[in-house]
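I have placed the structure first, in the form of structure tokens, so that the comments after it can refer back to it.
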2 protein chains.
Amino acid sequence: MNKRKNEEIAYEKIKRAIMLKRLVAGQRVTEDWVSNELEMSRTPIRAAFTKLENEGLIELVPHRGAFVCSPSDKELEDVFNLRIVLESYAAELAVHQMTSEHFQQMDRLLDEEVKAYEDKDYEEFLRINALIHAYPAQVAGNRFLLQEIQRLNQWSDCYLILRDNFYTTAMDEVLSVPEHLEVVKALKKRDVAASKKAIEAHMLSTLTDLAERTSIFN
Amino acid sequence: MNKRKNEEIAYEKIKRAIMLKRLVAGQRVTEDWVSNELEMSRTPIRAAFTKLENEGLIELVPHRGAFVCSPSDKELEDVFNLRIVLESYAAELAVHQMTSEHFQQMDRLLDEEVKAYEDKDYEEFLRINALIHAYPAQVAGNRFLLQEIQRLNQWSDCYLILRDNFYTTAMDEVLSVPEHLEVVKALKKRDVAASKKAIEAHMLSTLTDLAERTSIFN
DNA sequence: TATATAGAAATTGTATACAATCTTTAAACA
DNA sequence: TGTTTAAAGATTGTATACAATTTCTATATA
């Protein structure tokens, strides 16, 4: 039996709290407070904080506490543009290595994404979404590329504001399904250029959609 | 006065030990052992280990210890190819933002690189090298891109084997200076394609050179 | 009112003791 | 000889106490 360590539990719970906006951007959290909330000592909390800082989800200020990151518009853009570069590269590497088994697996993931959307299971939706975006890098077998794609994807999830005040119909999720389908279609045709284009289009669509939903007037 | 924390000191010292091959690839190090060597408690050592693992320099195996990474040939290739992608993208972003002050600064860095090489000051050489490679991303102002370029550059440094058994004339350093000059020349001409090509050439040259120096027969 | 300052409070940083878990060793057994 | 098993040892994982540092607060002073 492999018992999960407290520092892992703490890491997961804090990350989840940020994604679900239980902890909002800019909010201050101290080791002591989290330690009380999660009913464990500060030691595993500190370890979790270190990891979260490394992933850019919180900022650690000595003797002040940790602050949930509140990224600027520019930072959001920067991340999405970088994701275009990385995921396009992954597609380029993977496109000629993908077997029919790989494509079957992608189809399965797309189905699960639809199901999660219909069930309105947002956490499951995000989980499947991450798997879809990481899949080409996984096939390519470049673990450094994979790790960075996953990190940036996770970072994006924290600021997708799925549960913000303006949330109504989750437009980006509606668009996400057909856009992912476009990417997979291009991959199946072994069309590198089309794959890249579809990835770029999907990423920019997500970003634009986010910008529209979070602007005050529209 | 800003006193440096023990965990920072530990992090730096361990990293340096890996780069200088005082700790060799595959070697096992325990918290206790480092704790005794650096004469501080395990607490800051643990924090340092976490950071080093996140950067891919050591691998943490529960209840066994930390192991200095010993990357395969494929992983080395993967990292260098990814660096080509990232640094090319940085050049593309920066090329039209660079002012004459930026170019002056790059020239200064190139001079310092030559000086460090002539002085046979390897640590200084690596430091300047890192600054040169990061400079376009710095100018571009995308902190996520910058961070990843720095991380991968540092990772590469740990496996450049500057001080391995076959080390004699540090060929890659000899080549490095003119190759960096090529990149800067292309940037000055605002030639995106040429910049990318020069970056790719430099990166592949470093990789090939490394492969030759570390192969047993040649 | 604004500013400086001292002390209190809060928070992280570190050391250490102990618990939990895993690995190694050696003995028992087939 | 090889395999299982149990106990010992090693190592990390966690809690906690205390130290160091910073921030906050209230008071004094101009």
Side-chain angles (χ1 to χ4, degrees), chain A residues 1-18 22-70 143 147 158, chain B residues 1-18 22-71 147 158:
Chain A
M1 201 39 150
N2 215 336
K3 200 190 164 195
R4 281 172 75 234
K5 288 181 287 186
N6 275 351
E7 57 180 73
E8 288 171 15
I9 296 172
Y11 167 79
E12 292 292 342
K13 289 206 172 178
I14 299 170
K15 193 172 77 181
R16 187 167 177 277
I18 295 174
R22 309 262 170 86
L23 298 174
V24 301
Q27 183 171 348
R28 172 169 174 241
V29 290
T30 65
E31 292 176 5
D32 245 343
W33 182 74
V34 181
S35 164
N36 280 325
E37 290 290 318
L38 299 184
E39 289 172 323
M40 54 180 78
S41 84
R42 275 175 49 218
T43 307
I45 307 296
R46 273 180 75 79
F49 272 21
T50 307
K51 243 183 139 181
L52 289 164
E53 186 193 33
N54 227 294
E55 295 179 355
L57 299 186
I58 65 176
E59 190 178 353
L60 251 36
V61 182
H63 298 107
R64 282 279 297 142
F67 293 82
V68 180
C69 281
S70 62
R143 74 180 176 89
Q147 190 189 347
C158 287
Chain B
M1 200 41 147
N2 215 337
K3 200 191 163 195
R4 281 173 75 233
K5 287 181 287 186
N6 275 352
E7 58 181 74
E8 289 171 14
I9 296 171
Y11 167 78
E12 293 290 345
K13 291 206 171 179
I14 300 170
K15 193 172 76 181
R16 186 166 178 278
I18 296 174
R22 309 262 170 86
L23 298 174
V24 301
Q27 183 170 348
R28 172 170 174 240
V29 290
T30 64
E31 293 176 5
D32 245 343
W33 182 73
V34 180
S35 165
N36 280 325
E37 289 290 318
L38 299 184
E39 290 174 319
M40 54 179 79
S41 83
R42 276 177 48 220
T43 308
I45 306 296
R46 272 181 76 79
F49 273 21
T50 307
K51 245 183 138 181
L52 289 163
E53 186 192 34
N54 227 293
E55 296 178 355
L57 300 187
I58 65 176
E59 190 178 352
L60 251 36
V61 182
H63 298 106
R64 281 280 297 141
F67 293 82
V68 180
C69 281
S70 62
Q147 190 189 345
C158 287

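Chain A is the first sequence line, chain B the second, and so forth, proteins listed ahead of strands; every chain is numbered from 1.
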Reckon B:Arg42 has a side-chain N or O less than 4.0 Å from the OP1 or OP2 of D:dG13?
no

Taking atom [atom1] of [X] and atom [atom2] of [Y], what is their separation to the nearest 0.5 Å?
| X | Y | atom1 | atom2 | result |
| --- | --- | --- | --- | --- |
| A:Leu52 | A:Ile18 | CG | CD1 | 5.5 Å |
| A:Ile9 | A:Ile45 | CD1 | CD1 | 10.0 Å |
| B:Arg22 | B:Gln27 | CZ | CD | 12.5 Å |

Figure out the [atom1]/[atom2] separation between [X] and [N], and round it to whole Å.
| X | N | atom1 | atom2 | value |
| --- | --- | --- | --- | --- |
| A:Glu31 | D:dT22 | CD | P | 16 Å |
| B:Lys5 | C:dA15 | NZ | P | 14 Å |
| B:Glu8 | C:dT12 | CD | P | 16 Å |
| A:Trp33 | C:dA9 | CH2 | P | 24 Å |
| B:Asn36 | D:dT11 | CG | P | 11 Å |
| A:Arg4 | C:dC22 | CZ | C1' | 19 Å |
| A:Asn6 | C:dA19 | CG | C1' | 12 Å |
| A:Met40 | C:dA19 | CE | C1' | 16 Å |

Looking only at atom types and distance, does a side-chain atom of B:Arg64 sit under 3.5 Å from a main-chain N or O of B:Arg28, one as donor and one as acceptor?
no

Nearest heavy atoms of [X] and [Y], plus distance in Å:
| X | Y | result |
| --- | --- | --- |
| A:Phe67 | A:Gly26 | CD2-O, 3.6 Å |
| B:Arg42 | B:Ser35 | N-OG, 3.9 Å |
| B:Val68 | B:Val24 | CB-O, 3.4 Å |

Which of residues 58-65 of chain A sit near DNA chain D, with a heavy atom under 4.0 Å from it?
A:His63, A:Arg64

Within residues 44-53 of chain B, those residues having any heavy atom closer than 4.0 Å to DNA chain D are B:Arg46

Quick check on B:Glu59: does its CD atom have over 12 non-hydrogen neighbours (other residues, nucleotides or ligands) under 6.0 Å away?
no

What nucleic acid atoms does B:Thr43 come within less than 4.0 Å of, heavy atoms only: base, sugar-phosphate, or nothing?
base

Option from A:Lys51, A:Glu55, A:Arg16 for which side chain to side chain donor-acceptor pair (under 3.5 Å) with A:Tyr11 holds
A:Glu55

